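Below, each value reflects all heavy atoms present in this structure, side chains not excepted, and no hydrogens, waters or symmetry copies. These numbers come from a predicted model, not from an experiment.
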Amino acid sequence: MSYISGARSVADKQVRIASTQIDGIGPKKAIQVRYRLGISGNIKIKELTKYQIEKIEQVIGKDHIVNWELKRGERADIERLISLSCYRGIRHQDGLPLRGQRTHTNARTCRKRIRK
């Protein structure tokens with residue numbers, strides 16, 4: 001088991017699949033990173049050299065926002081909405097659906113936390 005950009009990747013998986021397990025890297029970005037480095041998508045993680053893994057980490061770290069930076073940004077956006085007291089911020093604060101979903105019969109898991 002190896003770590004790429006702070007995310008655990010299973011050694012038996014192919015590079016194209018394992019790289020999408022990093023938060024902030026989807027299939028399209030994974031393909032871009034592989035083409036930039038000239039790595040085949042069918043190679044498994046355990047077949048990569050340390051040099052290739054370091055290069056992958058450098059490219060991802062330089063060009064993309066991943067893992068804790070991405071989560072920190074999302075949390076900052078939610079905090080901003082709450083501080084503005086806009087509709088979405090209030091719904092975040094109350095733990096209710098934000099985008100106009102029905103709450104009378106659905107959204108039970110959201111409302112369950114409110115009742116207790």
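In this structure, CD on Q32 lies 11.5 Å from OG on S19, to the nearest 0.5 angstrom. Atom-to-atom distance recorded for L96:CG and I90:CD1 is 11.0 Å, nearest 0.5 angstrom. Remark: I65 CD1 to K71 NZ distance equals 14.5 Å, nearest 0.5 Å. Rounded to the nearest 0.5 Å, atoms CD (Q52) and CD1 (I43) are 6.0 Å apart. Note that the NZ atom of K55 and the CG atom of L48 stand 14.0 Å from one another [nearest 0.5 Å]. Going from atom CG of D23 over to atom CD of E74 covers 8.5 Å, rounded to the nearest 0.5 Å.
At a threshold of 4.5 Å between side-chain heavy atoms, the hydrophobic network of Ile, Leu, Val, Met, Phe, Trp and Tyr places I39 and V59 in one connected group. In the hydrophobic clustering of this structure, I53 groups with V66; members are Ile, Leu, Val, Met, Phe, Trp, Tyr whose side-chain heavy atoms approach within less than 4.5 Å, directly or through other members. One hydrophobic cluster, built from ILVMFWY side chains closer than 4.5 Å, holds both I25 and L37.
The nearest pair of heavy atoms linking N42 to R16 is OD1-NE, 4.0 Å. Across all their heavy atoms, L98 and R88 have their closest contact at CD2-O, 3.6 Å. Summarising the geometry of Q101 relative to R99, their closest heavy-atom pair is OE1-N, 3.1 Å, with the distance given to 0.1 Å. The nearest pair of heavy atoms linking A30 to T20 is CB-CG2, 4.0 Å.
Comment: R75 engages E79 in a salt bridge, judged by a side-chain N to carboxylate O separation of less than 4.0 angstrom.
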query = Are I60 and E57 close enough, and set up right, to give a side chain to side chain contact (heavy atoms under 4.5 Å, CB included), and what steps lead you there?
reply = CA-CA 5 Å; I60 289 174; E57 287 180 351; 5.9 Å; no
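The side-chain heavy atoms of K28 and I31, taken from C-beta on, include no pair separated by under 4.5 Å.
Each of I82, L81, T103 was checked for a side chain to side chain contact (heavy atoms under 4.5 Å, CB included) with R91, and the lone residue meeting it is T103.
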